[in-house]
Asker: 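Take a look at the following structure, please.
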Amino acid sequence: MNLKSFPINGLSGEIICPGDKSISQRILIIGSLLNCDIKISGFLDAEDPNSTMKALNNLGSLIKKDNDIVSINHRSKPFSNPSSFLDLGNSGTGMRLLTGFISGLNLEATLMGDDSLSKRPMSRVVDPLISMGKEISTNSGKAPIQIIGGKIKDNFEYVMPIASAQVKSSLMLASLSSGNSIKITEAKITRDHTEKMIEYLGGSIEVSESSEGKVIFLKNSKLSKISTYEVVGDFSSAAFIIVAALISKNSEVMIKNVGLNKTRSGLLEVLLKMNANIEIVNKLKTCNEDCGDIIVKSSQLEGINVPNSIIPNIIDEIPILSVAASFAEGQTTIKNASELKVKESDRLHATSMGLKAMNIKHNLLDDGLIINGTKDDIEIHEEIESFGDHRIAMSFLIAGLRSKNGVTVKDCSNIETSFPDFSKIMNNLGMNINE
Ligand code: S3P
């Protein structure tokens with residue numbers, strides 16, 4: 001499905017931020033382990049969390065969706081080997097987190113995914129799980145992943161060779177589901193939703209500093225049962241709305257209940273440095289996660305050098321940041337972001353191709369992009385390729401706001417994986433996106 005986005009006069013209004021994808025998947029997994037009745041509100045009803053839900057139900061979880069509420073029910077039987085392959089679709093988080101979780105449960109299972117997920121690196125979780133005692137085979141480091149046997153060791157210590165919350169969480173879930181302790185050191189701080197959720201449930205998480213980085217010690221401890229859980233809004237989805245309001249003229253938008261966890265919301269810091277008019281109000285904590293309402297107004301942005309240390313905390317926002325940088329005065333430099341090459345698409349290449357179609361002067365680096373912004377609206381004559389990647393598709397639809405003649409983005413069906421109401425929400429704020 002191709003989508004077209006046309007220029008408009010301005011965006012205005014209030015919306016409630018859709019639920020966080022990372023947290024929705026984590027509460028399904030950890031909530032299933034608690035084995036009690038839990039009602040989850042704010043759950044992201046999108047393809048990625050839904051494929052994680054299906055896989056968990058295949059292992060014996062009792063998870064149901066009823067309108068806006070997702071219920072996890074108490075199981076009378078233990079988890080069991082699935083009757084068929086677990087299909088995680090497009091979800092890297094689902095595949096990597098469940099590989100750890102299932103490893104800890106001592107089950108046998110084979111996890112597979114769609115074409116994009118089958119090309120993504122899985123050795124990053126499988127290798128440490130093998131060192132932890134598991135027998136797992138892959139297709140040369142890629143899915144399908146076959147979990148064969150072995151037992152998770154206690155007191156495993158791991159120094160993360162890459163910045164990845166999915167790897168960190170996979171190993172923590174393997175320890176949690178097997179009832180063991182683990183110490184993980186990360187040189188670059190990645191999203192900490194798993195740690196925050198375990199802490200919220202009364203688990204023992206100690207965080208300290210060492211010369212190698214942040215040390216996370218998850219000590220085997222009993223988690224408390226809960227009856228409700230509220231998922232905060234997804235900062236990564238809010239990012240599209242924030243940039244849309246910033247780059248379009250005469251705009252003022254309020255996004256309510258946005259997750260503001262510092263390890264996720266680095267884009268706010270970057271945009272504020274770029275001269276963005278953004279205000280945060282009504283700050284509160286929901287289920288141990290910071291959240292609040294964001295007010296954004298049209299702004300003339302200025303290019304900056306994005307600090308290297310913040311890259312893991314804006315990892316999913318770099319395509320939309322590149323669109324913001326395209327309309328900023330001066331140059332924006334993004335480096336140290338080669339992880340983008342192994343996301344749902346090679347996002348450095350995909351972003352560069354979109355910028356090229358927009359006639360935005362830029363350099364594609366091996367680990368980033370240097371973008372020379374323009375203050376003018378642009379003419380786009382080529383259709384932009386999404387590379388089947390939701391974040392690329394949404395980023396370039398937002399760029400259409402500053403086009404003179406509109407933009408067509410090809411193959412946008414993948415938006416369903418993370419933000420199914422994207423067009424509806426953006427059109428309610430004043431955008432003009434249609435098929
Ligand atoms: C995620 C972590 C990030 C992010 C992904 C979701 C998570 O991946 O890109 O969209 O939920 O843990 P990495 O941890 O591989 O960087």
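Computed from a predicted structure; not experimentally measured. When a ligand or atom number is given, it counts from 1 through the structure's own listing order.
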Asker: How far is atom 6 (C) of ligand 1 from its nearest protein heavy atom, and which residue and atom is that?
Answerer: Thr93 OG1, 3.3 Å

Asker: Would you say Leu97 has any N or O atom under 3.5 Å from an N or O of ligand 1, going by distance alone?
Answerer: no

Asker: With a 4.0 Å cut-off on heavy atoms, is Gln25 touching ligand 1?
Answerer: no

Asker: Salt bridge check, Glu14 against Lys256: does any charged N sit closer than 4.0 Å to a carboxylate O?
Answerer: yes

Asker: With the threshold set at under 4.0 angstrom, would you say Glu339 reaches ligand 1 through any of its heavy atoms?
Answerer: no

Asker: Salt-bridged, Arg264 to Asp234, with N to O below 4.0 Å?
Answerer: yes

Asker: I'd like to check whether Arg124 has a polar contact with ligand 1, where a contact means an N/O of the residue lying under 3.5 Å from an N/O of the ligand.
Answerer: no

Asker: Please state which protein non-hydrogen atom is closest to atom 4 (C) of ligand 1 and give its distance, to 0.1 Å?
Answerer: Asp316 OD2, 3.3 Å

Asker: So is Thr190 in contact with ligand 1, going by heavy-atom distances below 4.0 Å?
Answerer: no

Asker: Heavy-atom contact under 4.0 Å between Arg26 and ligand 1?
Answerer: yes

Asker: If I take atom OG from residue Ser170 and atom CE from residue Met132, how far apart are they, to the nearest 0.5 angstrom?
Answerer: 8.0 Å

Asker: Do Ser61 and Arg75 have a side chain donor and acceptor closer than 3.5 Å?
Answerer: no

Asker: For Ser22 and ligand 1, does the shortest N/O to N/O distance drop below 3.5 Å?
Answerer: yes

Asker: Name the option, out of Arg191, Lys188, His390, Lys343, that contains the heavy atom nearest to atom 13 (P) of ligand 1.
Answerer: Lys343

Asker: Looking at Asp45 and Lys65, does any basic side-chain N land under 4.0 Å from a carboxylate oxygen?
Answerer: yes

Asker: Cut-off 3.5 Å, side chains only: do Lys168 and Thr190 have a donor facing an acceptor?
Answerer: yes

Asker: As a test of understanding, state which of Leu56, Ile102, Thr99 forms a side-chain contact (heavy atoms from CB on, under 4.5 Å) with Leu86.
Answerer: Ile102

Asker: Parallel, tilted or perpendicular: which fits the ring planes of Phe419 and Phe422, with parallel below 30° and perpendicular above 60°?
Answerer: perpendicular

Asker: Would you check whether Ser164 has a nitrogen or oxygen atom less than 3.5 angstrom from a nitrogen or oxygen atom of ligand 1?
Answerer: yes

